[in-house]
Amino acid sequence: MQRAAGSATAEFQLVTGRTRLKRLHQSGCLKLRFPRLPRPEAEAILINTSGGLTGGDRIDQTFAVSDGASLTVTTQACERVYRAAEGHAAVATRIALGPEAGFHWLPQETILYDGGAVQRSLDLEAAESSRFLLCESVILGRERMGETVEAGLFRDRWRVRVGGRLVFADDLRLDGAIAEATARAASLAGNRAFATLVAQGAGAERGLNDIRAIIGEAGGASLVGGLLVARIMAPSGFLLRKRLVPLLSALTNGPLPLVWSL
C-alpha cells in the first residue's frame, strides 16, 4: 500500500536584529510555512499534507537556530494517527541551538485513534546559554465522537543535551491494551489527554509554586538538572488545552501562535 514520507530541514540566523531563514529543504508530504510577525522572532508552521499518519509512514524534521536567533515551531492542526494495517508510523525530530538562541517546540495535540501505532523521537542539542521550551500533548481518541483507544502503540523518546551533557531522558510506551493500562491510578487514572513539558531559561525561572498553581491538581512540576519538567493530564483535549494555554503563555513570556487559540 502507498505510504507517506516527508522531510523538512530549516536553519535560522540572526540578521540585523531579526531572525531570518538561512536554509530550507522540504520534500514529500511535509511542508513548512512562515507567517510574518510584528516581532523579531521567527515562526514556522509544519503541515503534513498526507492528512495524518498510519503504519509505514515516515516523517523527519530538523531545525537549527544559530547564536542569538529565536524560533517557534508549531503545526497547522492536530496530528492524527490512524489505525495501522501493519507496522507503525515513525516521526523523528532533531533540534540544534546555538549560544543565546531561543526555541519553542509547540506542536498541536497528537490524536491517537484505536489501533494506531506510532514511534516518535525528539533529540535536542542546546548550548548552556540557550533558552527552550518543549511541549508535546496527546489525546487518546476524540471524546465528542465517542471514541476510545482500546489497543495500539504509542512510543515517545526524548533526549535533551545541554553543553554536550545529557540532562533529560524520557521514554514513554503505551503498547497493547492501552485502555486498560491508562485506567490505572498509576498511569492516567482514566484521563484521555496528557502533556509533557521541558524548559530551560526564560519563563522556566518562575517559581515552582506559580507553575504548579497554573497546572492544578491533575499534574505536577519539578526542577530536574536545572530544567523545568512538567506533566499534565485531563479528561479531554479541550480541558487539557485550557490548562496548557496559560502555562505556555507564562513560560514563553509572550503570545502563543494563533493556531493555539481556544
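Every heavy atom of this structure was used, including side-chain atoms; hydrogens, water molecules and symmetry mates were not.
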Interatomic spacing from [atom1] in [X] to [atom2] in [Y] - rounded to 0.5 Å:
X      : Y      : atom1 : atom2 : result
Arg192 : Met233 : CZ    : CE    : 14.5 Å
Gln119 : Asp175 : CD    : CG    : 8.5 Å
Phe103 : Ile95  : CZ    : CD1   : 4.0 Å
Trp158 : Leu122 : CH2   : CG    : 6.0 Å
Lys31  : Leu24  : NZ    : CG    : 10.0 Å

Charged N to carboxylate O under 4.0 angstrom, [X] versus [Y]?
X      : Y      : value
Arg157 : Asp123 : yes
Asp114 : Arg83  : yes
Asp156 : Arg120 : yes

Check whether any side-chain N or O of [X] sits under 3.5 Å from a backbone N or O of [Y] as a donor-acceptor pair, and report yes or no.
X      : Y      : value
Asp57  : Ala4   : yes
Asn48  : Ser50  : yes
Ser129 : Glu100 : yes
Gln26  : Thr9   : no

Does any part of the side chain of [Y], heavy atoms only, come nearer than 4.5 Å to the side chain of [X], both counted from C-beta?
X      : Y      : value
Leu174 : Thr182 : yes
Ile47  : Leu30  : no
Phe168 : Val162 : no
Arg80  : Tyr113 : yes
Val91  : Ser121 : no
Val167 : Val224 : no
Gln200 : Ser130 : yes
Thr252 : Leu133 : yes

Could you check whether [Y] and [X], counting side-chain N and O atoms only, form a donor-acceptor pair closer than 3.5 Å?
X      : Y      : value
Thr196 : Arg231 : yes
Glu136 : Trp105 : yes
Gln108 : Arg241 : yes
Ser70  : Thr19  : no
Arg58  : Ser7   : no

For this session: Go through the steps for Thr93 and Gln61 under the test side chain to side chain donor-acceptor pair (under 3.5 Å), then give the verdict.
Result: CA-CA 5 Å; Thr93 304; Gln61 46 209 18; 2.9 Å; yes
Minimum heavy-atom distance [X]-[Y], with the two atoms named:
X      : Y      : value
Phe132 : Ala126 : CE2-CB, 3.8 Å
Cys29  : Ile59  : SG-CD1, 3.7 Å
Glu128 : Gly163 : CG-CA, 4.0 Å
Ala221 : Ile211 : CB-CG2, 3.8 Å
Leu14  : Ala69  : N-CB, 3.9 Å
Ala101 : Leu97  : CB-CB, 4.3 Å

Exercise. Which class fits the ring pair Phe12 and Phe34: parallel under 30°, tilted 30 to 60°, perpendicular over 60°?
Worked result: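 Correct class here is perpendicular.
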For this session: Apply the test side-chain contact (heavy atoms from CB on, under 4.5 Å) to residues Leu153 and Ile178: give CA-CA distance (whole Å), side-chain angles for both, the deciding distance (0.1 Å), then the verdict.
Result: CA-CA 8 Å; Leu153 169 66; Ile178 290 180; over 6 Å; no
Problem set entry | ILVMFWY cluster, Ile111 and Leu172 together (side-chain gap under 4.5 Å) |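 No: no chain of side-chain contacts under 4.5 Å links Ile111 to Leu172.
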For this session: Decide if atom CG of Leu166 counts as having more than 12 heavy atoms of other residues, nucleotides or ligands within a radius under 6.0 Å.
Result: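 Atom CG in Leu166 is crowded, with more than 12 foreign heavy atoms closer than 6.0 Å.
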Problem set entry | Test side chain to side chain contact (heavy atoms under 4.5 Å, CB included) applied to Leu106 and Val259, Leu256, Val73, the passing residue |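 Answer to the side chain to side chain contact (heavy atoms under 4.5 Å, CB included) test with Leu106 among Val259, Leu256, Val73: Leu256.
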For this session: Walk me through it: do Asp171 and Arg159 pass the test side-chain contact (heavy atoms from CB on, under 4.5 Å)?
Result: CA-CA 9 Å; Asp171 280 85; Arg159 295 293 185 270; 2.9 Å; yes
For this session: May I have the step-by-step check of side-chain contact (heavy atoms from CB on, under 4.5 Å) for Tyr82 and Leu53, ending in yes or no?
Result: CA-CA 6 Å; Tyr82 297 112; Leu53 299 172; over 6 Å; no
